[in-house]
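Just so you know, these numbers use all the heavy atoms, side chains as well, and skip hydrogens, waters and symmetry mates.
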Amino acid sequence: MSDLTITLPDGSSRTLPEGSTGLDLAADIGPGLAKAAVIVSVDGEGRDLDRVLADGDSVSVVTADSDEGLHTLRHSTAHVLAQAVLDLWPGATHAIGPPIEHGFYYDFELPGGGVFTADDLEAIDARMREIIAADQAFERFEAGTSEALELFAEHRYKREIIEKVTAGAVDVEMAREASADGTVTWYRNGEGFVDLCTGPHVPSTGRLGHFALQKVAGAYWRGDEKQPMLQRIYGTAWADKKSLKGHLHRLAEAEKRDHRRLAAELDLVSWPDALGPGLAVWHPKGALVRKIIEDYSRARHEAGGYDFVFSPHIAKSVLWETSGHLDFYADGMYPPMELDGASYYPKPMNCPFHVAVFQSGQRSYRDLPQRFFELGAVYRYELSGAVHGLLRSRGFTQDDSHIFCTPDQIPEELASLLDFTLSVLRAFGFEDFQAKLSTRPAEKSVGDDALWNMATDGLQKALESAGLDYVVEEGGGAFYGPKIDVDITDAIGRPWQLSTIQLDFNLPERFELEYVGADGGRHRPVMIHRALMGSIERFFGVLLEHYAGAFPLWLAPEQVRVLPVADEHQAYAEAVRDRLVAAGHRVTVDPADEPLGKRVRAGKVDKVPHVLVVGDDDAFNGTVGDNARGADGPERDLAIDLFLGRLADAEASGALVAGSTGESTS
RNA sequence: GCCCGUGUAGCUCAGUCGGAAGAGCGAUUCACUCGUAAUGAAUAGGUCCGGGGUUCGAUUCCCCGCGCGGGCUCCA
């Protein structure tokens, strides 16, 4: 009997008897590892622990605390969910159930068009725990298509997957459900539960258990609204109890900083029913913060070589026909208003207007690059079920610019543009970025190869010189040009896509844009669409959640609140306020109609960066007592001049609060 | 738009197995004038989302709308 030689991730090798499995390998390395092992990864491909290894395999043992191990755990838990549902609803069929970030889901069709209710989750959860307690082994099977079709005769969605797989038309979501090489695999556990699946899975259901079912939702089969609506159950699953608890805690925290809740609590924005879904009104405090954001954006663009333009909210259909929006974006547009025999559409984008500005006169290569900037309000007909506070609305304002340049200018323009973008985002306290470069799609696209290559190289070089982490999405670009999207990561680790830099080789063609070159001839410029914050409304929402409502000093609508200890200190409080206001700060006085403790508390609840208390000592000495947001206690006897200096420093640096005793700026 | 859930005071929510609508916070008024996270009392505030049905009687049960929330899809 010959032995197997297995290479481990650290480069060492191990010899095992022929017929050894992944589990044997793990046990050979150490009993602790054998216990912790979930699957093995053989040459980068996940395998069940009980599968036999081959001589020369390069193997790493995957444990539940790794991403791949967690993925497996969640996938296996999804199977148990399906098993429980099929047990409890005879006649139900299961569609797909992949692992997702933090958990898993499974889609079902219940007999007679039935639906799940929230109460059903409890029963399903209980049945799942029985299956886990029974510690049923996951067994893997492999066979040809016809046998598989027979096995899943009662399950139309499984059959559809098998047929698709056989035809070679596998999409990403289904890739986990079946292999593409003509054979079909499935897993069985318990008496009779089988599920089409490429695996791998944990050895047995006893390895699972740290999960929670979260919600039921409708989901179209294959995400297509023309397909049947299935019943989806979402759950979260983790390697141990502590991780599960931690995750549920983080969810609760995220809910507390929901921008819609904070917008109401801090009196910033509201969504009156009478306006319609996705349409907000801005209250004075919210509008003040928004104005500061917009003023900052304008100042940066003014200093950054942009020319400001304005454009109307509606335009005749001919504009949208020329731009092509009516062909490929009509679903996203509000319907037209018929006026004077013409159709006027609310604008879903600003680009055609900026093109019109470009076209208003003859352009020379000496004028380029020409950068037009506008805080442009646009209206998009989002599905009523898709709107989400400020993060997804039907009317919003883009910090929109269109840059017209020569092809030669592309690389330099992109490099400085990306620097500019990151600089603006950093000013708002965002530090973690993740970029995505989307390249030319495989099918149809416009523009010649040289242009695409120059633009794509330019984007890539810009990313590299900016030192940004990025992933490349091959073929992910629009038909009219490559692009970069930049995500920021917020204070609790969630990514948000904000900025986009998008090359466009199409609109210059459609509008027949030209500039006069150095050679005296006419040439076609390239267009760059770009938005840094994306949408002011959405950016505001992201900021609100990022800071949990506690805006940095320079953005806070009310920066300082002065509390006189008693009525007799009112005059001094007002004098303090007037001095701070004269220095350009936003300050109010809260008179002594309520006990001091109550007013201090109100200031904290309103997340005012500085609550000043002034009494006899302060009036006599020209000082204040400062309660900085986030500080452990008050700082007494602070000279007003000193406090003013700190305020100015904090405003300039973008700090959360002034001075050294409050919140840290990290 | 589709599936599920949900709608009671400005906010957060009780409640009515169908029989006179409640609390806390907030607001207003009065008293208190206070050195650091909720002073006391009083008052005001509701077509119980809208319309229809069942009933002697509907905020409660049923039907249809509308709003909101979670998903599907898309993206700023």
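Within the nucleic acid shown, A:Ala592 comes within 4.0 Å of at least one base atom, counting heavy atoms only. Among the heavy atoms of the strands, none lies under 4.0 Å from A:Asp224. Among the atoms of the strands shown, none is found under 4.0 Å from any heavy atom of A:His569. Counting any heavy atom pair closer than 4.0 Å across all strands shown, A:Pro277 reaches sugar-phosphate atoms only and no base atom. Across all strands shown, A:Ser393 has heavy atoms under 4.0 Å from base atoms, whether or not it also approaches the sugar-phosphate. As judged by a 4.0 angstrom heavy-atom cut-off over every strand, A:Lys598 is placed among residues touching the sugar-phosphate backbone only. Across all strands, A:Gly597 comes closer than 4.0 Å only to sugar-phosphate atoms, never to a base (heavy-atom distances). Counting any heavy atom pair closer than 4.0 Å across all strands shown, A:Gln231 reaches sugar-phosphate atoms only and no base atom.
Relative to the side chain of A:Lys604, the nucleotides B:A37, B:C34, B:C74 differ in distance, and B:A37 lies closest. You'll find that the side chain of A:Met229 is closest to B:G71, out of B:A76, B:U73, B:G71. Distances were taken from every side-chain heavy atom of A:Tyr220 (C-beta onward) to each of B:U39, B:G1, B:A76; the shortest belongs to B:G1. Distances from the side chain of A:Thr500 to the nucleotides B:A76, B:U39, B:C3 place B:A76 closest. Between B:C2, B:G70, B:A76, one nucleotide has an atom nearer to the side chain of A:Arg260 than all others, and that is B:G70. Of all nucleotides listed (B:G1, B:A76, B:C68), B:G1 comes nearest to the side chain of A:Tyr381. Side chain of A:Glu594, nearest nucleotide from B:G71, B:C75, B:U39: B:U39. The side chain of A:Gln398 lies closest to B:A76, out of B:G70, B:A76, B:C3. Of the candidate nucleotides B:U33, B:G35, B:A38, B:A38 has the atom lying nearest to any side-chain atom of A:Arg601. Considering only side-chain atoms of A:Glu382, the nucleotide from B:C74, B:U39, B:U36 that sits closest is B:C74.
Positionally, the nearest nucleotide of RNA chain B for A:Gly385 lies more toward the 5' end than for the other of A:Gly385 and A:Gly395. Between A:Tyr234 and A:Asp273, the residue anchored nearer the 5' end of RNA chain B, judged by the nucleotide with its closest heavy atom, is A:Asp273.
Atom CD of A:Glu109 is separated from atom P of B:C2 by 19 Å (rounded to the nearest Å). Atom CD in A:Glu294 sits about 19 Å away from atom P in B:A76, given to the nearest Å. A:Phe620 has its CZ atom 17 Å from the C1' atom of B:G35, to the nearest Å. Here B:A76 presents its C1' atom at 15 Å from CD of A:Glu545, a figure rounded to the nearest Å. Going from atom CG of A:Asp487 over to atom C1' of B:A76 covers 12 Å, rounded to whole Å. Spacing between atom CG of A:Leu563 and atom P of B:A38 amounts to 14 Å, rounded to whole angstrom units. Atom CG in A:Asp331 sits roughly 16 Å away from atom P in B:C2 (whole-Å rounding). Rounded to an integer number of Å, the gap from NZ of A:Lys215 to P of B:C4 is 17 Å.
The heavy-atom pair separating A:Tyr106 from A:Gly97 by the smallest distance is CD1-CA, 3.4 Å. Here the closest heavy-atom approach between residue A:Arg300 and residue A:Ser423 is recorded as NH2-OG, 2.7 Å.
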Passes side-chain hydrogen bond (donor to acceptor under 3.5 Å, both in side chains), A:Glu558 versus A:Thr588? Steps please. CA-CA 7 Å; A:Glu558 181 182 0; A:Thr588 60; 2.4 Å; yes
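A distance of about 10 Å separates the P atoms of B:C61 and B:G7, rounded to the whole Å. Comparing the P positions of B:A20 and B:U54 gives an interatomic distance of 23 Å, to the nearest angstrom. Taking atom P in both B:C3 and B:G22, the straight-line distance is 39 Å, to the nearest Å. Nucleotides B:A27 and B:C11, compared at atom P, are 14 Å apart to the nearest Å. Across the P atoms, B:C74 and B:G67 are found 24 Å apart, a figure rounded to whole Å. Distance noted for atom C1' between B:C4 and B:G46: 29 Å (whole Å). A gap of 8 Å separates the C1' atoms of B:G40 and B:C32, to the nearest Å. To the nearest whole angstrom, the two C1' atoms, one in B:G52 and one in B:C13, are 29 Å apart.
Ring geometry, A:His247 versus A:His102: the interplanar angle falls from 30° to 60°, so the pair is classed tilted. Ring pair A:Tyr329/A:His325 is perpendicular by interplanar angle, where above 60° counts as perpendicular and below 30° as parallel.
Looking at residues two or more places apart in sequence or on another chain, you find no salt bridge (charged side-chain N to carboxylate O under 4.0 Å, His left out) involving A:Asp432.
For the salt bridge (Lys or Arg N to Asp or Glu O under 4.0 Å) with A:Glu545, the qualifying choice from A:Arg260, A:Arg494, A:Arg261, A:Lys256 is A:Arg494, the only one to do so. Evaluated for a side chain to side chain donor-acceptor pair (under 3.5 Å) with A:Thr397, the options A:Glu374, A:Arg538, A:Arg290 yield exactly one hit, A:Arg290.
Taking a pair to require two hydrogen-bonding distances under 3.5 Å in either a Watson-Crick or a G-U wobble arrangement, B:G1 pairs with B:C72. The partner of B:A23, taking Watson-Crick or G-U wobble pairs whose two distances both stay under 3.5 Å, is B:U12. In this structure, B:U39 forms a base pair with B:A31, meeting either the Watson-Crick or the G-U wobble geometry with both donor-acceptor distances under 3.5 Å. Base pairing analysis places B:G57 opposite nothing; no Watson-Crick or G-U wobble pair with both distances below 3.5 Å involves it.
Between the side chain of A:Arg232 and the base of B:C72 there is no donor-acceptor pair of N/O atoms closer than 3.5 Å. Between the base of B:G35 and the side chain of A:Asp618 there is a donor-acceptor pair shorter than 3.5 Å.
Remark: A:His388 is in phosphate contact with B:G70, judged by side-chain N or O atoms under 4.0 Å from OP1 or OP2.
Applying the 5.5 angstrom centroid cut-off and the 30 degree plane-angle cut-off, the aromatic ring of A:Phe539 is not stacked upon the base of B:A76.
The 12-atom threshold is not exceeded at NZ of A:Lys291, counting heavy atoms of other residues, nucleotides or ligands nearer than 6.0 Å.
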